[in-house]
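Just so it is clear: chains get the letters A, B, ... in the order the sequence lines come, proteins before strands, and each one is counted from 1.
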Number of protein chains: 2
Amino acid sequence: MNIGQAARASGVSAKMIRYYEQTGLIPPAGRRDSGYRDYSSEDVHMLRFVRRARDLGFSMAAINELLDLWRDRSRRSADVKRVATAHMIELRERIAHLSQMVATLQTLVDCCSGDHRPDCPILADLEEPAEEHPRKHPSGALQRPNPRP
Amino acid sequence: MNIGQAARASGVSAKMIRYYEQTGLIPPAGRRDSGYRDYSSEDVHMLRFVRRARDLGFSMAAINELLDLWRDRSRRSADVKRVATAHMIELRERIAHLSQMVATLQTLVDCCSGDHRPDCPILADLEEPAEEHPRKHPSGALQRPNPRP
DNA sequence: CCTTGACCTTCCAACGATGGGAAGCCCCAT
DNA sequence: ATGGGGCTTCCCATCGTTGGAAGGTCAAGG
């Protein structure tokens, strides 16, 4: 099976298959006399594994671990769970980070009239950020950053 | 004011200041006789603007637009709002993407016993993804992907 | 004056994962 | 045998940021 066929069968592009091989994520494929790489259905199986892990956002380093665990019949499922949980925690952190950005942007966008006039609270905030430091120990009065007019 | 001082005053690293200048995001700084870049408080102000925009996740292309609008006294706030809204939509899409990953991972992690045994639904899913195609037009019965035992 | 250490300059490389493309060889069908 | 498509390797680009090397500059202290 050529690399193109393996690519179509696995959903991993030929480019990426070569890259994964080059970086050692997957073992070097066998070669025909012509120099063409040759893939078995097991190889495709492995590529689909990698593809699925990529779709779930695992880094190549994590996929490396997962592949090792996959091949290790005496693995402990706890090890797999640890890798997946760590990844999930990182994803949640990224989501929290993005959500914070979105929340701030939404506030600013809500405050912007969005018309022909130049006055814009969005630019005003970029220029001089409002001190929205949500205190972990709120000692003062609750702030109303977005009072509806 | 040297680049290091401007960096500390703006929160943008000296490396990035040079990079922003090189790519045309910010105008070239003035130079002393020694060749050192020289920054005014207005330059720092602009750098703080860029920093804040970066913190909100804007791409450099978007920051370029925002800087132009910032400098344009006859801007229409609608244009600023459009840039911010487009960015917010993209952030929301990224959040949705990550959330989908997290949801799948959470399901898998919940199903994994995480002990010394090798059986692992996480690896099983990576190997052969469960066909969880949530239909946009659910014609059949609701699926129960995670029935509590 | 000279040294020393901190600072500045430019240039080059790397990260992570992927895409694009060029130059050249191989395979298969007409 | 010829054409077209697939394969090979190699290089470059992305995006924003960091790191380092080699060399010039500044300021303080001996």
On the 0 to 90° scale, with breaks at 30° and 60°, tag the A:F49-A:W70 ring pair as parallel, tilted or perpendicular. parallel
Once you round it to whole Å, what is the distance between C1' of C:dT10 and CD of B:Q22? 10 Å
B:D33 or B:S59, whichever maps to the more 5' nucleotide of DNA chain D: B:S59
Side chain of A:M16 only, please: which of D:dC7, C:dA17, C:dC8 is the nearest? C:dA17
Would you call B:M1 and B:D43 a side-chain contact if the rule is heavy atoms closer than 4.5 Å? no
Donor-acceptor contact below 3.5 Å, side chain A:R75 vs main chain A:L69: yes
At less than 4.0 Å, is any side-chain N or O atom of B:S13 found next to OP1 or OP2 of D:dT18? Yes or no. yes
Mind checking if B:F58 touches a base, just sugar-phosphate, or nothing, with heavy atoms under 4.0 Å? nothing
Distance test, side-chain N/O of A:R18 to OP1/OP2 of D:dG6, below 4.0 Å: no
Please determine whether a side-chain nitrogen or oxygen atom of A:R32 lies at a distance below 4.0 Å from atom OP1 or OP2 of C:dC26. no
B:I63 CD1 to D:dG16 P: how many Å, rounded? 8 Å
Who passes side chain to side chain contact (heavy atoms under 4.5 Å, CB included) against A:R76, sequence neighbours left out? A:D79, B:H116
Whole angstrom value for the distance that separates P of D:dT25 from CG of B:D38: 16 Å
Remember a base hit wins even if backbone is also touched, and classify A:R31 as base, sugar-phosphate or nothing at under 4.0 Å, heavy atoms. sugar-phosphate
State whether the distance check finds a donor on one side and an acceptor on the other, under 3.5 Å, for side chain A:K15 versus base C:dG21. yes
To the nearest Å, give me how far apart CE (A:M1) and P (D:dG6) are. 15 Å
Within the pair A:Y36 and C:dC25, is there a side-chain N or O less than 4.0 Å away from OP1 or OP2? no
Less than 4.0 angstrom between a side-chain N/O of B:R37 and OP1 or OP2 of C:dT9, yes or no? yes
Using whole Å, report how far CG of B:N2 lies from P of D:dG24. 19 Å
Specify the separation, in whole Å, of atom CE of A:M60 and atom P of C:dC15. 11 Å
Taking only N and O in the side chain of B:Y19, is any of them less than 4.0 Å away from OP1 or OP2 of D:dC15? no
How do B:I3 and A:A61 order along DNA chain C: which one's closest nucleotide is nearer the 5' end? B:I3
Donor-acceptor under 3.5 Å (B:S77 side chain, A:R117 main chain): yes
Nearest-Å distance, CD (B:Q5) to P (D:dA27)? 10 Å
Does a nitrogen or oxygen in the side chain of B:S34 sit under 4.0 Å from OP1 or OP2 of D:dC26? yes
Compare every heavy atom of A:L105 with every heavy atom of B:L56, then report the nearest pair and how far apart it is. O-CD1, 4.1 Å
In whole Å, I'd like the distance from the CD atom of A:E21 to the P atom of C:dA17. 17 Å
